[in-house]
Amino acid sequence: MNGLKQHYAKIIVWAILLTIPYWFTYIGGYLGLANEIVIYALAAMALNFLLGFTGVLSFGHAAFFGLGAYGTALTIKFLVPSTLVGLAVGVLTATVAGMVIGALIIKRRGVYFAMATIAFGQLFFFIANRWNSVTGGDDGVGNWHRMPINLGFTTIPLFHNSLVYYYFTLLLFALAVGAMGLLLDGPFGRSLMAIRENERRARFLGINIELHVWISFVISTAICGLAGGMLALLDNFVNPRDLRFDLSGVLVVMAVMGGMRSFWGPLLGAAIFQWLREVLSSHTPNWQTYIGIVFVLVVLFFRRGILGFKLSTVKS
Amino acid sequence: MAQLLLFDISNGLITGAFYALMALGLSMILNLSGVINFAHGGFLTLGAYFAYVLQQKIGFFGALLIAPMITALLGLLVERVLIRPLYGRDPLYSLLLTFGLAFILVDGVRIIWGPGSPPYQVPEWLTSPLSSTYFFLTGYRVFMVVLVVTAVAALFYVLNYTKLGLRIRAGTKDLETLSTLGVNTRILRNLNFGLGIYLAGLAGALAAGFLGLSPALGTALLMPSFVAIIIGGLGSLLGTLLGGLLIGVAVGLTTVFYPAASEAVIYVMLGLVLVLRPRGLLGEEGRLH
């Protein structure tokens with residue numbers, strides 16, 4: 001990684017993210033869209049922690065995103081009407097699920113790992129869709145909303161002020177992304193990249209492969225859960241589509257489109273994808289076909305992503 | 001009660017047979033080409049709608065014969081144009097591509113034939129019950145079971161006793177060596193893909209008369225098929241077959257006792273197998289890593 005280049009990238013990204021609410025409308029966007037981009041970008045970056053930096057393909061991350069969303073929504077609706085407690089429960093739910101599923105499938109590699117994640121990914125969709133009394137089934141969980149945060153001396157008006165909520169998500173985004181960046185720059189991250197480049201060699205160097213991949217998987221699912229909780233809070237609503245397999249594929253395509261070997265790639269991918277979906281779905285009822293075509297085009301022509309660097313493709 | 005139980009078990013077995021047909025094709029493509037074909041469900045749906053269109057022109061049985069073949073031809077074309085350039089790349093890319101393809105196929109079916117479920121005609125003499133006690137035992141159910149058994153037997157015959165099958169099995173073990181021995185592995189992978197899609201098309205044409213036509217028909221069958229492959233054991237087609245049937249019966253049985261969990265039970269089985277027997281029921285040891 002080029003240090004100086006990274007430095008400039010960081011400044012540009014943060015300048016855009018911090019100011020976007022004030023100019024996004026001039027280029028046809030709106031605040032809600034910007035907020036969605038930040039949230040999906042966090043999920044895609046969390047996925048990419050695993051995909052791009054550990055070299056492990058999960059095609060079931062929607063499950064953890066959705067668990068975060070449902071955990072947050074159900075907690076606020078039924079247990080504790082607090083935004084922060086809700087988010088914490090959402091993240092915890094996703095993390096625990098990630099720990100258990102990770103432990104079950106960690107010994108598999110490559111296509112087989114991917115297939116196991118696909119298989120498990122749908123479990124929570126079925127639960128959310130079928131367990132009507134708690135999850136509301138296909139109708140989702142509504143009739144609740146994010147709560148203002150009371151700091152004692154003042155109250156943060158999260159609910160009535162969307163701009164404040166945007167900066168709240170941006171703060172969480174910064175914390176999560178900062179944590180991932182620190183991890184990747186440290187010895188743990190170097191070990192992950194060693195595993196990505198050559199698993200056998202890493203094993204001979206004494207790296208505990210299973211443990212490292214498992215921890216990476218759990219971190220990735222936890223942050224994905226956080227993103228899910230943030231989306232639930234943005235919409236004041238969740239439904240089973242937040243954890244269906246489509247979303248798993250969408251997160252992967254965001255990472256690949258932006259460039260999965262670059263730290264900020266998934267952010268760019270998420271921005272392009274969300275914007276594209278917004279435009280397509282407002283112009284044609286057949287937007288799913290176009291999304292499918294985007295997938296195919298990305299694979300055929302943008303294999304290394306827009307920010308992809310000249311890294312040789314890893315052979316299967 | 002006994003009747004109801006038998007009814008649900010037979011339902012489960014038939015659904016399991018569809019899972020198995022689908023999973024066998026998926027498994028063949030995965031074993032030889034390392035491609036997780038997410039579009040498999042889309043091809044199944046296409047097979048069902050092809051059969052629906054054809055049966056108005058050439059009748060039920062003609063459609064059942066021709067529709068899977070057309071689906072398979074389309075599969076050959078897709079493999080040649082879209083998937084072949086991705087061999088040797090990270091499996092991520094073929095998975096993403098077929099994922100996009102699944103979107104296109106399912107949405108395409110919706111655009112062409114509409115989101116509803118058009119009537120799929122099964123001949124009347126096939127749908128009437130064979131016995132008044134066991135009301136569910138219609139000719140069509142027996143017919144489906146016989147046809148699936150025949151198809152699976154034919155598949156295993158091809159794989160075990162023909163040159164093509166020998167090459168497919170050899171390629172699964174070591175494609176490179178097979179290639180140096182003079183076998184055209186490009187054509188082999190192409191044919192293997194087509195064969196897998198043929199099974200999906202056949203499953204679609206049959207399932208349309210049992211589960212009803214809808215654009216989401218294939219997607220609903222796809223996820224359990226992935227589970228069937230893992231439960232049966234990666235690399236083992238016999239395991240895949242067994243996995244599909246087992247899942248079907250498990251779903252059928254759960255429907256009797258606790259309908260709300262009929263889908264989740266699949267994943268309980270998956271979890272159990274992964275804990276107790278990580279390589280799957282009949283999986284080969286080496287396939288794990």
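In what follows, every heavy atom counts, from backbone to side chain, and hydrogens, waters and symmetry copies are set aside.
- Between the side chain of B/Asp174 and the main chain of B/Thr177, a donor-acceptor pair closer than 3.5 Å is present.
- Contact of B/Thr219 with chain A is made through the side chain alone, with heavy-atom distances under 4.5 Å.
- With respect to chain B, the highest number of heavy-atom pairs below 4.5 Å among A/Ile127, A/Ile291, A/Asn286 belongs to A/Asn286.
- Per-residue counts of heavy-atom pairs under 4.5 Å with chain A were compared for B/Val227, B/Val275, B/Leu270; the largest is that of B/Leu270.
- Between B/Arg186 and B/Glu79 no salt bridge is recorded (no basic side-chain N to carboxylate O distance below 4.0 Å).
- Neither the backbone nor the side chain of B/Pro224 comes within less than 4.5 Å of any heavy atom of chain A.
- Looking at B/Thr254 and B/Ser262, their side chains never bring a donor and an acceptor atom within 3.5 Å of each other.
- Although no hydrogens or angles enter the test, the distance criterion places no donor-acceptor pair under 3.5 Å between the side chain of B/Arg277 and the main chain of B/Ile231.
- Using a 4.5 Å cut-off between heavy atoms, A/Leu300 contacts chain B through its side chain alone, with no backbone atom that close.
- The aromatic rings of A/Phe245 and B/Phe99 sit perpendicular, their planes meeting at an angle over 60°, well past the 30° parallel limit.
- Using a 4.0 Å cut-off between charged nitrogen and carboxylate oxygen, B/Glu263 and A/Arg130 count as a salt-bridge pair.
- Residue A/Ile105 touches chain B through its side chain alone, counting heavy-atom pairs closer than 4.5 Å.
- Taking the six-membered ring for Trp and thresholds of 30 and 60 degrees, B/Phe226 and B/Phe38 have ring planes inclined between 30 and 60 degrees apart.
- Contacts with chain B (heavy atom to heavy atom, under 4.5 Å) involve no residue of residues 270-280 of chain A.
- A donor atom on one side chain and an acceptor atom on the other are not found under 3.5 Å apart for B/Asn31 and B/Thr172.
- Between A/Glu210 and the choices A/Lys107, A/Arg203, A/Arg108, the salt bridge (charged side-chain N to carboxylate O under 4.0 Å, His left out) rule is met once, by A/Arg203.
- Under 3.5 Å, the side chains of A/Ser220 and A/His61 contain a donor-acceptor pair of N or O atoms.
- Chain A forms the most heavy-atom pairs under 4.5 Å with one residue out of B/Leu96, B/Ile230, B/Leu82, B/Leu274, and that residue is B/Leu96.
- Within a 6.0 Å sphere centred on OH of A/Tyr290, heavy atoms belonging to other residues, nucleotides or ligands number 12 at most.
- Between chain B and the options A/Asp246, A/Val298, A/Leu297, the largest number of non-hydrogen pairs under 4.5 Å is found for A/Asp246.
- Between chain A and the residues B/Val35, B/Val268, B/Val106, B/Leu86, the largest count of heavy-atom pairs under 4.5 Å involves B/Leu86.
- Between chain B and the options A/Val111, A/Val100, A/Leu57, heavy-atom pairs under 4.5 Å are most frequent for A/Val111.
- Heavy atoms of B/Ile111 lying under 4.5 Å from chain A belong exclusively to its side chain.
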